[in-house]
Each structure stands twice: as C-alpha cells, then as structure tokens.
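Step one of this worksheet: look at the structure below.
These numbers come from a predicted model, not from an experiment.
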Amino acid sequence: MDIWDKDPLNDFVKIFLVDLGASVEFPEKINAFNIARDNESNIILHVFSHASDQPKRKDIPLGLVYNLDNSVELKGYIGSGELLGISGFSVNTAFSNNNSDTATESKYTINQVNYSTTDLEIEYTVDQIANLPDHYLWSSSITDKISGQHERTFTGNSPIEITTSTPNIHNMSRTSARFELGGHSVVISTMNSSNIPKSRNPGYIYYSGHPSKETREKIRASLSLTFGLPLVYFGSSFYTQNGGVVGFEAVSPATVGGRAWRIISQPFAPITVGMSNMLDSELLQKNASSFFENYDSMDLRGFLFRLWYAEVSPTHMKAAYYGAMIESIQKREIEKLGSNISNTIIAKSEYRKTIKILSKFLQKQNIPLLAKELLSHKIQDGNKAPQRILAERFYSTLGLCLGPVELTAWLRRNDAAHGNVDLPGSEIRNYRSNKILRVILGRIILKLSGSSSNYIDYYTYNHPIRELSDAIPHDEV
C-alpha cells in the first residue's frame, strides 16, 4: 500500500462494508450508494433507489442564504464516521432500466468525510495536497528501500508453501523540504500521483504524531505563505507505526472557484540560495516558523483568504483589493493597545478647543438649519487623519521607506477603489501599480511577522532582493 499516494475514499465503502444512515435528504429506501470524487476532485455521494423512490425536494425560498451544517452517520463492519455538509444537486431516473430497484440515481455534494477504524495510537499523519510549486530544486532528499519475501501457499491435505525473495529496490529523489513547526517534524514533498493529475502538481505533507486539525491548518497556511501560492488540501490519513490506517478525513478542496491552479508561486521573501532556484532550508524554516507563530495575532487565516482572491481578481480591481488589505492591517495595528501611531491630525485636547471655535462661527452663518447640522457633524469628525497621513505614520513606525514609485501606485489604487474611469490603454500602468502594491503588502507582512529582513522586488526586472527597509528605487520606474 502506498500511503503517500492514497485517496482513502477509493473503495472504502466496499472495504469497510459501510452503511449509510438515514436522512430527510435521501430516498426512503437506499439500495446502494457510493462515494467518489468528480473531475474537479469534489466529493460526490451517489445514492441508488427504486424508480419510484426519489428524494423529496426541500422547500427553500428563492434567494435564501443559509449554512450547510447537516450530517449523516456512517457505520461500517470496521469503524464508523460521518458525512458533513450534504447538498443534493441531481436526480436521474431511468425507467427503461432492467433493474428498477436501482433505476433512480441521486447525487449530492459532500463537504467532508470523517471515518475512524480503530482507537490505536496515531504515530504519524499524512495530508494529501496539490498545487505545489514546480520550478524549484528542493532542499531535502528522500530515500526508499524496498525488500522482502513473497510467500504463496497451495492449500490441500498437505499444503505446499513456496517462498521467493522479492527484488531489492533502492531509490533516492530530491523532492522535499523539512520543517519543525508546532512541536512536530513536518515534511512537504512533491510526487507522481495516480489520483491527482500531474498538471495540478500533487504532493503530500508528513507530520510526526497527530497534530490537531487546527494545527495542521495553521501549518499548511504557513507553508502556503512561505511558497507564495495556495496549497490545495484534499484530506488527511492517520497511521500506526507500521502503516495501519487509524482513520481519515477527506474534503472537497477549496480552489478559489477553480482559479487556484493558475496562481504562480510568488513568495514575499527570498527562500532560495542566492538568485538560484534551489530552495534554502534555513530560509524556508525561518519564514514558515515566523508565519506559524504569528498566525493568530496577525489573523493570517483571514489574510490568506483575501490574498488568494486578490491574486485571481481582474487586473483593473487588484489595486483595490491589495489596498483594502493594506488599510485593514494598518487599522488593526493602529488600534492595538499601546500603539504609538496617532490617527488624528492634531492632539485631541487641542481639537476640542478648535471644535468650540468652529461651532460658534458656524452658528453665526446665515445658512439653512440642515446645512448647519451636516457641517457640524463634519467638524466633529474633522480631526481624523486622512489615509495618506496614516499610511506614512504606519510605515515610519515599522521602519519601512516608501518612495515616489510606491506613493504614485497608492494614488492609482484610489482610482480603482472609488470607481474612477479606467480608460482603455491603461493596462500596462495597472499591471505595474498592482505589482508595486503587492510588494508593499508583502513588506508589511514580513516586518510584522519578523520572517525576513529582505523582500523580493517583483516590480523591477529580474526581481532583485532588497533590504526590507528600502523602497523601490525611483530610477527603476
């Protein structure tokens, strides 16, 4: 059994003789069922019933938004589990079928399958993933040694046993990188898979022991940010020391609407040896561990969700998305307890005096009452520093210098965010501004996480590595 390239959903219904629990979602009598992945790797439940036995349609008002939080029990000859997030999408009845007991096929999307076969101690965990970067020389090697014996027995009154030696196989490949994260040894590796197309760059993540679901999510997110692209998660399998299956979790992968496969690897910080494409194990560890340690305090879960959608957004909207992410980080850091970044133009005590003077002047003016009320509200909020000033204070506090290149890109960001007219022929300008804003965003993340003292300048030709504090040179425009 190849545990590294194993989709636990393959034939598990037959292997464990699994029965499907009852649900209002299903036909009254289920004659057969199967669970498999479709061409997009989503988990699909196929339920077969009599031609006249079809699932009842749920009466859901048009336009209703709701959480899909239902579940169905699975009970096997060995083990038990559950299906989570079940939604029917197709019912097909073939009345001409010779076997009317299975003439109706109902299909359901499944968010997640959990199954446990035993309560033995878990020695290691393997995640099935895809969308790994494919242009690096990996930093760690893998050695495989396969040897043993083949025994065949001819049964009868006097059994005949034949024992032969199997060929010894010794392979070595350089397809992995090793980390220490969250108290676990972690190895990420590429592989050739029989379950995931090669074009989707399949692989796996090995964890020593049994890290929690939340810890594994944090580790995958940290590795995604380190490599600069979303690692697509298919599920996890849990094993004893000798490779016995303790249980598994399988999910319909989140692929940003199928667009995750088009995102190229663009890490914020250098992770290779010099300007080569050979991965540097020390840089990888420093980046990943810094992201892991700051995962909660920096809300990297929410950040990555927004980042991947920004990466696949239309060119004329990327600036708005990157800018909004930068502003949200600024707001969070400014509001943090003890922050020395002021969000006012002048001291609050001074502005309270200013309000009195301006209010008295306003009341003397011969203008409509409504206009006075509106202007009065403006005066009350008039001490809020504009975004440009807040940004300058924020970057100054972090020790990050912004030059004319970055400041000009920020002004163009405002055009995208406020719906200003974007004339045909401005595509190249937009591409350049998007690159600059993404670089600014990356420098902020690297500084706050402490993961690197350098950043990759994706705006400039040949993508040079610069000091984190240095702006993009003006002569590179």
Atom pairs and distances, donor-acceptor, side-chain atoms in residues 19-26, under 3.5 Å, two or more places apart:
| unit_1 | atom_1 | unit_2 | atom_2 | d |
| --- | --- | --- | --- | --- |
| S23 | OG | E25 | N | 3.1 |
| E25 | OE2 | K58 | NZ | 3.4 |
| E25 | OE2 | N70 | ND2 | 3.3 |

### Message
Tell me whether the count of non-hydrogen atoms from other residues, nucleotides or ligands lying under 6.0 Å of CZ in R332 goes above 12.
### Response
yes

### Query
Is it true that a side-chain atom of N111 and a backbone atom of I86 form a donor plus acceptor pair closer than 3.5 Å?
no

### Query
With ring centroids as reference points, do Y295 and F291 lie under 6.0 angstrom apart?
no

### Message
Surrounding CE of M275 (heavy atoms of other residues, nucleotides or ligands, distance under 6.0 Å), is the total greater than 12?
### Response
yes

### Sidechain N-carboxylate O distance under 4.0 Å for D457, K435
no

### Message
Quick one, I271 and L279 - any side-chain contact, counting heavy atoms below 4.5 Å?
### Response
yes

### Query
Sequence neighbours excluded, which residues qualify as side chain to side chain contact (heavy atoms under 4.5 Å, CB included) partners of Y77?
L17

### Query
Is the number of heavy atoms from other residues, nucleotides or ligands under 6.0 Å of L64 CG greater than 12?
yes

### Query
Testing R262, R438, R306 for side chain to side chain donor-acceptor pair (under 3.5 Å) with E311, which one passes?
R438

### Task
Please step through ring-ring contact (aromatic ring centres under 6.0 Å, His included) for the pair F227 and W138, ending with a clear verdict.
CA-CA 12 Å; F227 288 109; W138 290 82; 5.7 Å; yes

### Query
Do the side chain of R174 and the main chain of S139 share a donor and acceptor less than 3.5 angstrom apart?
yes

### Query
Can you tell me if CD on E217 sees more than 12 non-hydrogen neighbours from other groups inside 6.0 Å?
yes

### Task
Using distance alone, with no hydrogens and no angle criterion, decide if S176 and S140 have a side-chain donor and acceptor under 3.5 Å apart.
no

### Query
When you measure from the side chain of T104 to the backbone N and O of A51, does any donor-acceptor pair fall under 3.5 Å?
yes

### Query
Is there a donor-acceptor pair under 3.5 Å between the side chain of D11 and the backbone N or O of I15?
no

### K447 with E333: basic N within carboxylate O range, under 4.0 Å
no

### Message
How long is the straight-line distance from CD1 of I219 back to OG of S224, given to the nearest 0.5 Å?
### Response
12.0 Å

### Message
Nearest 0.5 angstrom please: N131 CG to I264 CD1, how far?
### Response
11.5 Å

### Message
Could you walk me through whether D296 and K218 satisfy the salt bridge (charged side-chain N to carboxylate O under 4.0 Å, His left out) test, starting with their C-alpha distance in whole Å, then the side-chain angles of each, then the deciding distance to 0.1 Å, before giving a yes or no?
### Response
CA-CA 9 Å; D296 294 318; K218 289 170 65 173; 3.4 Å; yes

### Query
For P8, what residues pass the side chain to side chain contact (heavy atoms under 4.5 Å, CB included) criterion, not counting sequence neighbours?
S237, F248

Name every donor-acceptor pair, under 3.5 Å, that has one atom in a side chain of residues 187-194 and the other anywhere in the protein, sequence neighbours excluded.
| unit_1 | atom_1 | unit_2 | atom_2 | d |
| --- | --- | --- | --- | --- |
| S189 | OG | T175 | O | 3.1 |
| S189 | OG | T175 | OG1 | 3.3 |
| S193 | OG | D5 | OD1 | 2.7 |
| S193 | OG | N195 | N | 2.9 |
| S193 | OG | I196 | N | 3.0 |
| S194 | OG | D5 | OD2 | 3.0 |

### Query
So, N434 side chain and N430 main chain: donor-acceptor pair closer than 3.5 Å or not?
yes

### Query
Counting heavy atoms not belonging to Y206, are there more than 12 under 6.0 Å from its OH?
yes

### Task
Could you label the plane-to-plane angle of the F48 and H46 rings as parallel, tilted or perpendicular, counting under 30° as parallel and over 60° as perpendicular?
parallel

### Query
Can T93 and Q54 be counted as having a side-chain donor-acceptor contact under 3.5 angstrom?
yes

### Query
Side-chain contact, heavy-atom cut-off 4.5 Å: F234 with I43?
no

I'd like a table of donor-acceptor pairs (distance under 3.5 Å, sequence neighbours excluded) in which one partner is a side-chain atom from residues 114-123, with atom names and distances.
| unit_1 | atom_1 | unit_2 | atom_2 | d |
| --- | --- | --- | --- | --- |
| N114 | OD1 | Q112 | NE2 | 2.9 |
| Y115 | OH | G76 | N | 3.4 |
| Y115 | OH | I78 | O | 2.7 |
| Y115 | OH | G79 | O | 3.1 |
| S116 | OG | T118 | O | 3.4 |
| T117 | OG1 | V245 | O | 2.7 |
| T117 | OG1 | V246 | O | 3.1 |
| T118 | OG1 | L120 | N | 3.3 |

### Task
Begin from the C-alpha positions of K29 and S49 and carry the test side-chain contact (heavy atoms from CB on, under 4.5 Å) through to its verdict.
CA-CA 6 Å; K29 184 180 179 181; S49 58; over 6 Å; no

### Query
Does any donor atom in the side chain of S236 or D127 lie under 3.5 Å from an acceptor atom in the other side chain?
yes

#### Entry: Pair Y321 and W308, ring centroids less than 6.0 Å apart
no

### Task
With ring-ring contact (aromatic ring centres under 6.0 Å, His included) as the test, would you mind laying out the steps for Y458 and H463 before giving the verdict?
CA-CA 5 Å; Y458 289 103; H463 299 174; 4.9 Å; yes

### Query
When you check the gap from the basic side-chain N to the acidic O, do R200 and E40 get nearer than 4.0 Å?
yes

### Query
Who are the salt bridge (charged side-chain N to carboxylate O under 4.0 Å, His left out) partners of E249, not counting sequence neighbours?
K213

